[in-house]
Number of protein chains: 2
Amino acid sequence: MARTEALTTAREQSTQTVETHADAPAAAPTGSSNKDADKSPAPSGKKPRSLYRHVAAYHSEMRHSSLSRESDETISFLGFRNLMVLVLVAMNLRLIIENFMKYGVLICIKCHDYRKQDLVLGSILFALVPCHLFVAYLVELSAAASAKQTVGHQKRTAEEKEHDQQRFRSTWRYTAFIHTINATLCLAVTSFVVYFYIHHPGIGTLCQLHAIIVWLKNCSYAFTNRDLRLAFLNPSANPNLPAIYATCPYPRNITLNNLAYFWMAPTLVYQPVYPRTPSIRWPFVFKRLGEFVVLSVFIWLLSAQYAAPVLRNSIEKIAMLDIASILERVMKLSTISLIIWLAGFFALFQALLNALAEVMRFGDREFYTDWWNSSSLGVYWRSWNRPVYLFMKRHVFSPLVGRGWSPLAASGMVFTLSAILHEMLVGIPTHNFIGVAFFGMMFQLPLIMLTVPFEKKRDPLGKTIGNCIFWVSFCLVGQPLGALLYFFAWQAKYGSVSRVSP
Amino acid sequence: MARTEALTTAREQSTQTVETHADAPAAAPTGSSNKDADKSPAPSGKKPRSLYRHVAAYHSEMRHSSLSRESDETISFLGFRNLMVLVLVAMNLRLIIENFMKYGVLICIKCHDYRKQDLVLGSILFALVPCHLFVAYLVELSAAASAKQTVGHQKRTAEEKEHDQQRFRSTWRYTAFIHTINATLCLAVTSFVVYFYIHHPGIGTLCQLHAIIVWLKNCSYAFTNRDLRLAFLNPSANPNLPAIYATCPYPRNITLNNLAYFWMAPTLVYQPVYPRTPSIRWPFVFKRLGEFVVLSVFIWLLSAQYAAPVLRNSIEKIAMLDIASILERVMKLSTISLIIWLAGFFALFQALLNALAEVMRFGDREFYTDWWNSSSLGVYWRSWNRPVYLFMKRHVFSPLVGRGWSPLAASGMVFTLSAILHEMLVGIPTHNFIGVAFFGMMFQLPLIMLTVPFEKKRDPLGKTIGNCIFWVSFCLVGQPLGALLYFFAWQAKYGSVSRVSP
């Protein structure tokens, strides 16, 4: 029907000239719709809108589905990343609820098995261990005095120089001997006391860690000062010491203040001079300490409420050698151990070390790099714990390579030393040298060699595969298994660790 | 001591002039290392290497920790994205193992409660329902004949034109009436049969879905042809029909072939002409069909093995009104229902519709856009199911707005219609009109209004928050709850659905 007055304009009109039909559930058909029903609004200059709504051509061009391979648009999958996070949160919330329904609240502050002896011995060790640094200082002081004396005798004949060399050699032998005894004692005494007299593994681990850190600092102090002394004694050989040391040349760095700074500084490599920040930002310090405390409490809660029941339940399964159950237990433990480990990393390397660095006005805060993106195990070990990595590189790897060792052999020595220290760190406080930490560290070398090809890949897929291998071997399989085994060893020796009755 | 011959060159030398100490566990101190121990190798032109390894200045500049706020480098967290995927896989693998340990294999092909009557009635309905399209075709044929007749009488006086208008109006009334009866019957007969005579919800849902699709196509065919007829009858009014229709102008599109193409085409909006691909790529078709079959089997396996036990276990919990348990059950179900829904989306919209479009040489394959990135519920409803969205927009929303309705009121009508259809789709096959689907759809409108602000945000964080709200409200809360409730209603009426004995 012709409605010329309605059709000559493009304005909206709502005249209805056809009665609606009561039965039609959809909008009643009319003929008066005269606005464009094309998909896109028609601005001036474009095709004018059709008068009829129901004829709009919604299919007018060839298009591909977004997920088809032939689609040329780059599709964003950010929505799925958000979904993954939400699902992870939901799944873990569910596990929290399930755990609460099964066990109630397992956290019990009074249940911790502290013996008074543990605390006393631990405090004594904490006070005693740094004294070894003082002994090292005294040794260096005498060595520096000897060196100054040697340098003082500028004009010497060849025989006198040879005599000086011999005397210096024996002095050095003496120095090195004292240093070795001192450092070894530092480690040996603590290890002995922790193994035989400190029952609580937490306190034992803290003492052991402290002793190992001081031992490493001791070694660095001794080695660095030896090389500084050699450079001091041979200025004509153009030693090319780093420019930053110029403000405190040997032997002016052998002071108690200098050593005390090194003792407290968040690094294991001794330098006479460090880059320094101008001032202490106390809000920063308190924020970092707050993060550390919160994360420590969080880790403690997680261990008591979630890790302990899983560990305990695993014991019967392992006894029955039910492979499916063991696998299921390891997987359940892997999530918890991963969270605990990530929280522990952040607490130590990001929070505590930064707080310490700020208080000490220590300038180089690179305690870790982006190890989570590691495309191989090698990258990981170079990234996640920079203080230990720098120590190993400067005082073990680099000198060995300088002596003619191949990089592979030098790496082998680094990891052997690391394996020994790890076994001491874990085995002594738990009073069980089961060797898992040792062989775990030694096994890193073949793993590193296996994953080196992924490190060199440039394409994102290759790097992703390497990264996944890293995560699975290290965090999803390696650590939970290790934790499980040390826990069993403890159980076999001592009994339960939480309030849950067996 | 002076070792001039060793120190004057920068080559590696391995002469050892100081005996090693047996006690020192680290590399024995030597003085012969004369390669640079600085962190970076020294290419020509850079600072020459220090002769002494142990003095390398590893801390020489101010650096921030990567995760500190003051760090100015942009850190990549791709490693954590990989970790999230691995943890999700590990957690779900664990649930699979746990499910297998608890229930064994629940999948049982013979256990399905098929009644012969269901299959027979279902087949009859499948054959019968498209006949309504044929009826619609006949109606349109007669209307087209009438229109052609009208147009044939070119020169008319005013009274004759008025008479023509009246006659056309009554013809249209008659046409619209037949169409309405036809379409309503299509839907009503199927609904009646499915509700009262088809027991199995799966078969019932397929029949209901088929009837609703044919009903929508019927409506589209009727409305589009009506507007085409109006345009045909009023050529002077410059109807601005889409250019693509020029190859098949009304009434040449009223043919059985044309209707049959529309019947089989993967779209709900009728057009006389569609964009067409040149040929059928059969490998593409078989690949898509293969994907569809694999995903369907996957969904069936998931439902029987994982969804059914969770649903069954939930019944007792809901009876006890234990909130924590209900929450825990909903969360456990949400992961499974999410996977089933994503798989179902891919199976239907990506695999099946693309296969159908390829066979029909249908050019516009945009059955969905990137709904997973939706920053609001409104974006989601416009993106995930384009066929239905285009139908609603072209035949409900756009005409209503043209008649003067506000967009809000028109949206209200769209969602009301959608809610009714959803309730029919879910409630009729399960023989339970509990209204959850209806109110779920109606509730989308306030949700859309609530989330509109996030849609307009430009910053990534705002979009991410909107996206998370979408996922949580729709996939993690909305659907599992809905599925749970319909399952309970079924249980209340009929009893168990899988082999697991209660």
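Throughout, a chain's letter reflects where its sequence line sits, starting with A, and its residues are numbered from 1. Computed from a prediction, not measured in an experiment: that's the story for all the values here.
When heavy atoms are compared at a cutoff of 4.5 Å, B:Leu67 approaches chain A by way of both its backbone and its side chain. Both the backbone and the side chain of A:Leu83 come within less than 4.5 Å of a heavy atom of chain B. Both the backbone and the side chain of B:Phe77 come within contact range of chain A, judged by heavy atoms closer than 4.5 Å. Heavy atoms closer than 4.5 Å to chain B are found in both the backbone and the side chain of A:Ser68. Only the backbone of B:Glu61 has a heavy atom closer than 4.5 Å to any heavy atom of chain A. With a 4.5 angstrom heavy-atom cutoff, B:Phe346 touches chain A only via side-chain atoms. Of the atoms belonging to A:Ile420, not a single heavy atom falls under 4.5 Å from chain B. Proximity to chain A (any heavy atom under 4.5 Å) is shown, for B:Thr277, by both the backbone and the side chain. For A:Phe397, no part lies near chain B; criterion is any non-hydrogen pair under 4.5 Å. Only the side chain of B:Phe284 comes within less than 4.5 Å of a heavy atom of chain A; its backbone N, CA, C and O stay farther away.
The CD atom of B:Glu98 lies 5.5 Å from the CD atom of A:Glu328; values are rounded to the nearest 0.5 Å. A distance of 6.0 Å separates CD1 of A:Ile75 from CG of B:Asp370, quoted to the nearest 0.5 Å. The CZ atom of B:Arg53 sits 14.0 Å away from atom CZ of A:Phe223, with the distance rounded to the nearest 0.5 Å. For the atom pair OG of A:Ser66 and CD of B:Glu366, the computed distance is 6.5 Å after rounding to the nearest 0.5 Å. The structure places OG of A:Ser334 at 10.5 Å from CG of B:Leu86, a figure rounded to the nearest 0.5 Å. Taken from OH in A:Tyr58 to OG1 in B:Thr267, the straight-line distance is 11.0 Å, to the nearest 0.5 Å.
Residue with the most contacts toward chain A among B:Leu88, B:Leu93, B:Leu78: B:Leu88 (heavy-atom pairs, distance under 4.5 Å). Among B:Pro272, B:Gly363, B:Ser65, the residue making the largest number of heavy-atom pairs under 4.5 Å with chain A is B:Ser65. Of the listed residues (A:Met101, A:Lys332, A:His64), the one with the most heavy-atom contacts under 4.5 Å to chain B is A:Lys332. With respect to chain A, the highest number of heavy-atom pairs below 4.5 Å among B:Met331, B:Arg94, B:Met62 belongs to B:Arg94. Ranked by heavy-atom pairs under 4.5 Å with chain B, the list A:Asn92, A:Val269, A:Leu327, A:Asn82 is led by A:Asn82. Contact count versus chain B (heavy atoms, under 4.5 Å) is highest, among A:Thr335, A:Val472, A:Asn354, for A:Asn354. Of the listed residues (A:Phe367, A:Tyr274, A:Tyr245), the greatest number of heavy-atom pairs within a distance under 4.5 Å of chain B belongs to A:Tyr245.
Residues A:Arg81 and B:Thr464 are in side-chain contact: their nearest non-hydrogen atoms beyond the backbone lie under 4.5 Å apart. At least one side-chain heavy atom of A:Val87 sits less than 4.5 Å from a side-chain heavy atom of B:Leu338.
Between the side chain of B:Arg63 and the backbone N or O of A:Asp364 there is no donor-acceptor pair closer than 3.5 Å. Side-chain atoms of A:Asn373 come within 3.5 Å of backbone N or O of B:Ser76 as a donor-acceptor pair. Looking only at distances, no side-chain donor or acceptor of B:Trp471 sits under 3.5 Å from a matching main-chain atom of A:Met84.
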side-chain contact (heavy atoms from CB on, under 4.5 Å) evaluation trace for A:Leu95 with B:Met91: CA-CA 11 Å; A:Leu95 288 174; B:Met91 287 182 84; 3.6 Å; yes
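Taking the six-membered ring for Trp and thresholds of 30 and 60 degrees, B:His59 and A:Phe362 have ring planes more than 60 degrees apart, a perpendicular arrangement. A parallel orientation is assigned to the rings of A:Phe80 and B:Trp372, their planes being inclined by less than 30° (bins at 30° and 60°).
Under the rule for a salt bridge (Lys or Arg N to Asp or Glu O under 4.0 Å), the partners of A:Arg365 that lie at least two apart in sequence or sit in another chain are A:Glu358.
Of all non-hydrogen atoms in B:His54 and A:His395, the two that sit nearest each other are ND1-ND1, 2.8 Å. Counting all heavy atoms, side chain and backbone alike, A:Asp227 lies closest to B:Val55 at CB-CG1, 3.4 Å. What you find for B:Asn467 and A:Gly79 is that their closest heavy atoms are OD1-CA, 3.3 Å.
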